[in-house]
Structure formats: C-alpha cells, structure tokens
Trainee: 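Take a look at this one; I'll ask things after.
Just so we're on the same page: letters track the sequence lines, and every chain starts at 1.
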2 protein chains.
Amino acid sequence: MVYSAGLAGSITMARGFTPLYQRVIDTIEGDIRTGRLKPGDQLPSTDQLRQSMGISPGTIRKGIDMLIDRGVLRGHQGLGVFVAEKS
Amino acid sequence: MVYSAGLAGSITMARGFTPLYQRVIDTIEGDIRTGRLKPGDQLPSTDQLRQSMGISPGTIRKGIDMLIDRGVLRGHQGLGVFVAEKS
DNA sequence: CTGGATTTGTACGTATGTATT
DNA sequence: CAATACATACGTACAAATCCA
C-alpha cells in the first residue's frame, strides 16, 4: 500500500487548495471505493501513514478522526484502525 | 454566556471520563437545545472559549471542527462561528 | 487605498494515558 | 514486563478572510 502524498517536503505548503488532512481523507476513502481497502481491513498505523505521506501525526490523526466520526472507520485502542463493516 | 468547564452537568459522565473536546461539544449542543444559542447566532471566539473553559485552543477547535463537520455549526474565516440555519 | 486588529483555518511537534498483544 | 498503536491534550506558528479606522 502506497499512500504517497506527493509534494512531501514542501515546507512552505505551496499546495493547491486542498488541505493535507483532506488529502488523508481522500486517500483512504478512495482506497475504500476502489476496493483496495475492504470492510474489516486494518489501516496502516498512524506512524506508517505519517512516514509514507510525509504528513505530521496530528494532521494524519485529524483526517482519521473525521472518518471515525462519520462512521467510515473504527478505531480500537491498542489494536489499530479498521474500515467499518457497515456504512 | 457561561461556558464553564466544571464537571457538573456533563451529559456523558458514564464510565467516569469525558474527554475535554466532548465537553466542548456537549456544552455547545446543550446551549442549542435549550435555545440559549439559536440558528444564526454567533459563538464566542475560540480565544474566549479557551479562556472561559480553561481548555487549550487546539482542543476547543477539535470540538468545533466536529460540529462543523456534522453540520451543526458553520465557520466563516475572519467572521466567526455560527449556529447552522438548517439541522 | 492601506494597514492593523480580530478570528477562523491549517499544520506542526510533543507529551502522556490506555488498551492490546 | 515490553512493544505496539490508538486516544487525548497541550502549545505554537502562520495563512487567510473580514472589518474598520
């Protein structure tokens, strides 16, 4: 699983107008939509996502938090974050 | 408007611990439910909430972010945060 | 028109707590 | 007990939008 964010290393954030946390959301939801992530699947750890996307842990977390709040993901402390079984 | 961060009156005190960001959510939603905040009303600024609740800006922000994501609030950069007209 | 003040929006880094293996 | 991983919370900095003197 790749999770490349592109533009990694751009400190000045010369991004378009898509916030980084939105890119986290888009990436995960895209992988769910295409079937690369299926219900019950475990996501890469926050630290792995941080490394592969080049985004700080807090920003990774913000995207995941929103998807958990929306019911798309489920977080289990000590275990990991998983794709929700039902939408 | 009070927005005290005191422990009494919290809705979700079951299991002993309520996260601070949840207290922010509960306080705002409670004020909407009781009519103390009405659709179109402006909330106190993040900095005012920080002071009155004694909670860090990031945590205040997290609660507000979730309510914006749920459609309960609307944020307008440079203006303020308002109670959404539609529910 | 300009510039300051206010306020939200985004992003970073760090620390600590808690659950699971 | 140790390692792993999520959950919560803190503080800071700067960008962007709005308002007004």
Trainee: Figure out the CG/P separation between A:Asp65 and D:dA9, and round it to whole Å.
Mentor: 11 Å
Trainee: When you measure from the side chain of B:Asp41 to the backbone of B:Lys38, do you find a donor-acceptor pair of N or O atoms at a distance under 3.5 Å?
Mentor: yes
Trainee: With a 4.5 Å heavy-atom cut-off, do B:Arg70 and A:Asp69 have their side chains touching?
Mentor: yes
Trainee: Considering every strand and a 4.0 Å limit on heavy-atom distances, what is the contact class for B:Gly75: base, sugar-phosphate, or nothing?
Mentor: sugar-phosphate
Trainee: Of all the nucleotides listed (D:dA9, C:dT20, D:dC6), which has the minimum atom distance to the side chain of B:Ser56?
Mentor: D:dA9
Trainee: Nearest-Å distance, CZ (B:Arg61) to P (D:dG11)?
Mentor: 17 Å
Trainee: Taking OP1 and OP2 of D:dT8, is either one under 4.0 Å from a side-chain nitrogen or oxygen of B:Tyr21?
Mentor: yes
Trainee: Atom CD1 of B:Ile55 to atom C1' of D:dA9: distance rounded to whole Å?
Mentor: 10 Å
Trainee: Could you tell me the separation between the CZ atom of B:Arg36 and the CD1 atom of B:Ile28, rounded to the nearest 0.5 Å?
Mentor: 11.5 Å
Trainee: With sugar-phosphate meaning primed atoms plus P, OP1 and OP2, does B:Ser45 contact a base, only sugar-phosphate, or nothing at under 4.0 Å between heavy atoms?
Mentor: sugar-phosphate
Trainee: Can you measure B:Ile68 atom CD1 to C:dT10 atom P for me and round it to whole angstrom units?
Mentor: 9 Å
Trainee: Between C:dT20, D:dT8, C:dA11, which nucleotide gets closest to the side-chain atoms of B:Pro19?
Mentor: D:dT8
Trainee: D:dA9 P sits how many Å from B:Arg50 CZ, rounded?
Mentor: 17 Å
Trainee: Run the side-chain contact (heavy atoms from CB on, under 4.5 Å) check on B:Lys62 and A:Asp65 step by step: do they pass?
Mentor: CA-CA 10 Å; B:Lys62 174 166 181 172; A:Asp65 276 346; 3.1 Å; yes
Trainee: At 4.0 Å (heavy atoms only), tell me whether B:Gly80 reaches a base, stays on the sugar-phosphate, or touches nothing.
Mentor: sugar-phosphate
Trainee: Measure from CG on A:Leu20 to C1' on C:dC12 and round the result to the nearest Å.
Mentor: 10 Å
Trainee: Hey, is the side chain of A:Gln77 pairing donor to acceptor with the base of C:dT20 inside 3.5 Å?
Mentor: no
Trainee: Looking at C:dC12, I'd like to know if its phosphate oxygens (OP1 or OP2) sit under 4.0 Å from a side-chain N or O belonging to A:Thr59.
Mentor: yes
Trainee: I'd like to check B:Met66 versus B:Ile25 (side-chain heavy atoms, cut-off strictly below 4.5 Å). Are they in contact?
Mentor: yes
Trainee: Heavy-atom nearest nucleotide on DNA chain C for A:His76 versus B:Asp47: which residue maps closer to 5'?
Mentor: B:Asp47
Trainee: Quick one: A:Met66 CE to D:dC6 P, roughly how many Å, whole number?
Mentor: 19 Å
Trainee: Looking at the side chain of B:Val81, which of D:dT12, C:dT8, D:dT18 is the nearest nucleotide?
Mentor: C:dT8
Trainee: Between B:Gln48 (CD) and C:dT6 (C1'), how many Å, whole number?
Mentor: 11 Å
